[in-house]
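Whatever order the structure lists them in is the order used to number ligands and atoms, beginning at 1.
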Amino acid sequence: MPTVYIKTFGCQMNDYDSGKMRAQLAADGFTPAEEPEDADLVIVNTCSIREKPEQKLHSFLGTVLPQKKVRPVTVAIAGCVAQVSGKELYAKYPKVDLVFGPDAVHRIREMVTESKVRRVLDVDFFGEDTYPFPTDVDPQSDGVAGFVTIQKGCDNKCTFCIVPATRGVEVSRPSGEVLDEVRQLVDRGVTEITLIGQNVNSYGLKATSAGKPEPTFAELLRLVHEVRGVEVIRYTTSHPRDMGEDVVACYRDLPKLADHLHLPVQSGSDRVLRRMKRFYTRDVYLDVVARLRAARPSLALTTDVIVGFPGETDAEFEETMTLLETVRFHGSFSFIFSPRPGTPALRLLDEAVPAGVALERLKRFQALQRTIQLEEHKKLVGETVAVLVDGASAHDEGVVCGRTSSFKTVNFPAVAGVERGRWVNVVVGTAYANTLRGAVG
Ligand code: SAM
Ligand code: SF4
Ligand code: F3S
């Protein structure tokens with residue numbers, strides 16, 4: 001049996017695409033290998049969102065390509081770096097057998113076969129009307145939680161972001177396919193479904209790949225909510241500008257909709273938001289938060305923030321700090337602005353924030369975030385929380401790990417009968433910044 005090892009960098013889209021590749025390759029007899037050294041086919045699924053993840057491609061290839069000298073192994077570069085720099089990579093690494101972008105994932109079997117006779121380069125985008133969403137389900141998706149893509153690409157043009165270049169125009173997946181995949185995952189024991197896309201709120205607003213009108217995102221949430229066996233619904237990522245009243249109402253009406261929302265804000269300064277072309281202001285963002293919390297008071301919010309966007313002044317950075325204090329996010333991903341090839345923000349680089357200043361801002365933001373997170377977690381001490389059990393903790397023997405609907409990781413001593421996929425009530429004993437610890441109550 002041939003084996004495949006897929007190294008995945010980047011976001012949920014890449015995780016999902018890797019799953020789809022595993023699924024399709026399984027039809028040709030490929031089984032997953034534990035390590036790249038054991039695999040007949042090694043695929044690196046790349047991310048180019050910032051410079052650092054992009055660099056990881058080169059170090060990974062540095063460990064894999066030398067193996068070609070001692071054994072036959074097919075090496076492929078997939079994903080977002082392949083999409084934007086495919087031709088350069090193909091020329092730079094003559095020993096790499098395949099280079100292809102996200103739009104070629106559905107062709108993986110054919111490309112692997114073709115690579116046996118010639119090298120393959122496929123970085124073409126599909127037309128909106130013909131976009132083929134692969135339907136096979138990842139053989140590794142027999143866990144508690146599963147992702148379902150509802151959309152590909154992004155029609156926004158945030159000035160810092162390379163995704164529109166790596167993933168192409170936005171296409172909504174037909175809702176029938178989405179619901180079929182949800183049902184397939186439920187049949188495998190998955191109870192927590194995460195709908196994924198770069199801007200899920202705009203789902204269905206344009207024609208889908210099948211060219212037919214589709215439900216709106218709020219309507220899709222309601223359809224998924226009706227699927228028997230689904231217990232928790234999450235989605236990522238939302239754009240604050242598109243968080244309409246119909247989606248807010250879902251937090252009132254749909255009990256399966258998780259108590260957590262990731263709503264990237266990027267900056268607390270109106271001028272910076274304008275220069276990022278995010279098309280909302282701080283006040284609009286705060287209004288969305290207020291409406292969401294009115295609909296679901298227990299909602300835990302997390303966010304993404306970029307510090308050191310070109311031209312960001314000290315005072316503008318402080319506005320991001322005060323926004324964090326005002327909203328009291330339960331967590332965030334924060335990054336120093338990283339200039340990306342071909343993005344509009346490159347034109348602002350003469351106002352680049354010095355690296356030392358940006359790093360100082362990042363550290364201050366992260367320290368405040370940590371303090372707030374810990375304070376929010378401490379409020380839960382003594383409370384009983386419902387936890388969906390994920391399995392044994394990877395670090396602590398005899399300890400079980402699970403997650404609340406609000407996306408908090410909870411660890412507790414194992415108890416007979418508490419199995420993966422079950423809900424248990426846990427009394428929180430200790431709060432840490434990133435996790436909670438308790439005991440079955
Ligand atoms: N579509 C989502 C949105 O609109 O918020 C997020 C997409 S991106 C995959 C994830 C995060 O990476 C962004 O929210 C942003 O904070 C960060 N990011 C994107 N481009 C970046 C850049 N050039 N430098 C630093 N961070 C960046
Ligand atoms: Fe990038 Fe903006 Fe699209 Fe998100 S919404 S993927 S940040 S262009
Ligand atoms: Fe990276 Fe591509 Fe996702 S650039 S963040 S893997 S869409």
Side-chain angles (χ1 to χ4, degrees), residues 6-18 44-57 77-85 101-103 105 123 147 149-171 196-203 235-243 261-268 272-273 275-280 285 288 301-310 312 320 329 331-349 352-353 355 358-359 361-362 365:
I6 309 184
K7 177 78 186 168
T8 310
F9 298 113
C11 67
Q12 301 88 347
M13 315 296 150
N14 263 13
D15 277 335
Y16 184 82
D17 286 349
S18 293
V44 49
N45 199 1
T46 57
C47 171
S48 63
I49 199 80
R50 287 169 293 277
E51 201 181 335
K52 242 194 201 151
E54 183 161 336
Q55 287 316 323
K56 291 181 185 167
L57 159 67
I77 308 176
C80 290
V81 184
Q83 185 64 46
V84 280
S85 314
D103 275 20
V105 161
V123 289
F147 290 159
T149 199
I150 65 166
Q151 173 191 64
K152 85 110 193 173
C154 182
D155 282 352
N156 288 325
K157 293 185 175 55
C158 304
T159 53
F160 51 80
C161 185
I162 199 163
V163 171
T166 66
R167 296 267 165 177
V169 291
E170 193 174 295
V171 183
I196 58 170
Q198 287 297 356
N199 184 15
V200 291
N201 304 58
S202 62
Y203 175 83
Y235 58 87
T236 194
T237 311
S238 283
H239 195 293
R241 179 196 53 186
D242 299 322
M243 186 53 87
L261 173 64
H262 187 68
L263 193 61
V265 66
Q266 314 298 357
S267 168
V272 175
L273 287 171
R275 286 157 63 94
M276 288 176 165
K277 285 218 186 340
R278 290 289 289 182
F279 299 110
Y280 52 83
Y285 187 89
V288 172
L301 287 165
T302 55
T303 201
D304 290 348
V305 155
I306 295 178
V307 302
F309 186 76
E312 181 189 68
T320 301
F329 292 106
S332 58
F333 296 112
S334 45
F335 315 99
I336 292 176
F337 168 75
S338 170
R340 305 310 296 132
T343 56
L346 293 186
R347 288 198 287 274
L348 305 172
L349 275 187
V353 172
L359 183 61
R361 288 179 188 169
L362 185 73
F365 180 88

Backbone or side-chain N or O of Arg50 under 3.5 Å from ligand 1 N or O: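 So ligand 1 has an N or O lying under 3.5 Å from an N or O of Arg50.
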Around [atom], find the nearest protein heavy atom and jot down its residue, atom name and distance.
{"atom": "atom 2 (C) of ligand 1", "result": "Thr237 CG2, 3.6 Å"}
{"atom": "atom 4 (S) of ligand 3", "result": "Ser48 N, 3.4 Å"}
{"atom": "atom 10 (C) of ligand 1", "result": "Asp304 OD2, 3.7 Å"}
{"atom": "atom 8 (S) of ligand 1", "result": "Ile49 CD1, 3.7 Å"}
{"atom": "atom 15 (C) of ligand 1", "result": "Gln266 OE1, 3.4 Å"}
{"atom": "atom 2 (Fe) of ligand 2", "result": "Cys158 SG, 2.3 Å"}
{"atom": "atom 1 (Fe) of ligand 2", "result": "Cys161 SG, 2.3 Å"}
{"atom": "atom 4 (O) of ligand 1", "result": "Arg278 NH1, 3.1 Å"}
{"atom": "atom 5 (S) of ligand 2", "result": "Asn156 ND2, 3.3 Å"}
{"atom": "atom 24 (N) of ligand 1", "result": "Ser338 N, 2.9 Å"}
{"atom": "atom 20 (N) of ligand 1", "result": "Phe160 CD1, 3.3 Å"}
{"atom": "atom 6 (C) of ligand 1", "result": "Gln198 OE1, 4.0 Å"}

Atoms of ligand 1 close to [X] [distance to a heavy atom under 4.0 angstrom, numbered from 1]:
{"X": "Pro264", "result": "5 (O)"}
{"X": "Phe337", "result": "24 (N), 25 (C)"}
{"X": "Arg340", "result": "23 (N)"}

Evaluate the side-chain proximity of [Y] to [X]: yes if any heavy-atom separation is below 4.5 Å, no if none is.
{"X": "Ser334", "Y": "Leu362", "value": "yes"}
{"X": "Thr159", "Y": "Arg275", "value": "no"}
{"X": "Tyr203", "Y": "Asp242", "value": "no"}
{"X": "Cys161", "Y": "Ile49", "value": "yes"}
{"X": "Val44", "Y": "Phe9", "value": "yes"}
{"X": "Phe365", "Y": "Val305", "value": "yes"}

What protein atoms of element N, O or S are positioned under 2.8 Å from atom 3 (Fe) of ligand 3?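 Protein N/O/S atoms under 2.8 Å of atom 3 (Fe) of ligand 3: Cys11 SG.
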Please work out whether any backbone atom (N, CA, C, O) or any side-chain heavy atom from C-beta onward of Ile336 is under 4.0 Å from ligand 1, and answer side chain, backbone, both or neither.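 The backbone, only.
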Among Val200, Leu263, Asn199, whose side-chain contact (heavy atoms from CB on, under 4.5 Å) with His239 holds?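 Among the candidates, only Asn199 passes.
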[X] side-chain N/O to [Y] backbone N/O, donor-acceptor pair under 3.5 Å:
{"X": "Arg340", "Y": "Ser48", "answer": "yes"}
{"X": "Gln83", "Y": "Val123", "answer": "yes"}
{"X": "Ser332", "Y": "Asp304", "answer": "no"}
{"X": "Thr46", "Y": "Val81", "answer": "yes"}

Examine ligand 2 and decide if any of its atoms is less than 4.0 Å from a heavy atom belonging to Arg278.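 Distance cut 4.0 Å: Arg278 passes for ligand 2.
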Calculate, to the nearest 0.5 Å, the distance between atoms OG1 and CD belonging to Thr237 and Gln151 respectively.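 The distance works out to 9.5 Å.
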Atom pair CG/CZ of Leu273 and Phe309 - distance to nearest 0.5 Å: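 Output value for this atom pair is 10.0 Å.
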Does a donor on one side chain and an acceptor on the other come within less than 3.5 Å for Glu170 and Ser202?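 Side chains of Glu170 and Ser202: pair found under 3.5 Å.
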So, Ser238 and Asn201: side-chain donor and acceptor under 3.5 Å apart, yes or no?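 A pair is found: one side chain offers a donor N or O, the other an acceptor, under 3.5 Å apart.
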Report the part of [X] (side chain from C-beta onward, or backbone N, CA, C, O) that has a heavy atom under 4.0 Å from ligand 2; answer both or neither where that applies.
{"X": "Pro264", "value": "neither"}
{"X": "Cys154", "value": "side chain"}
{"X": "Asn199", "value": "neither"}

Enumerate the atoms of ligand 2 whose separation from the nearest heavy atom of [X] is less than 4.0 angstrom.
{"X": "Phe160", "answer": "7 (S)"}
{"X": "Val163", "answer": "6 (S)"}
{"X": "Pro164", "answer": "8 (S)"}

Just to verify, what does Arg278 make a side-chain hydrogen bond (donor to acceptor under 3.5 Å, both in side chains) with, not counting sequence neighbours?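 Only Tyr280 meet the side-chain hydrogen bond (donor to acceptor under 3.5 Å, both in side chains) criterion with Arg278.
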Whether Arg50 engages the ring of Phe335 as a cation-pi pair (distance to the six-membered ring centre under 6.0 angstrom, angle to the ring normal within 45°) should be assessed.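 Verdict for Phe335: a cation-pi partner in Arg50.
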Please verify the inter-ring angle class for Tyr285 with Phe329; under 30° counts as parallel, over 60° as perpendicular, anything in between as tilted.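 Rings of Tyr285 and Phe329: tilted, 30 to 60°.
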Between the candidates Gln198, Arg241, His239, which shows the shortest non-hydrogen contact distance to atom 4 (Fe) of ligand 2?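 Nearest heavy atom to atom 4 (Fe) of ligand 2 lies in Gln198.
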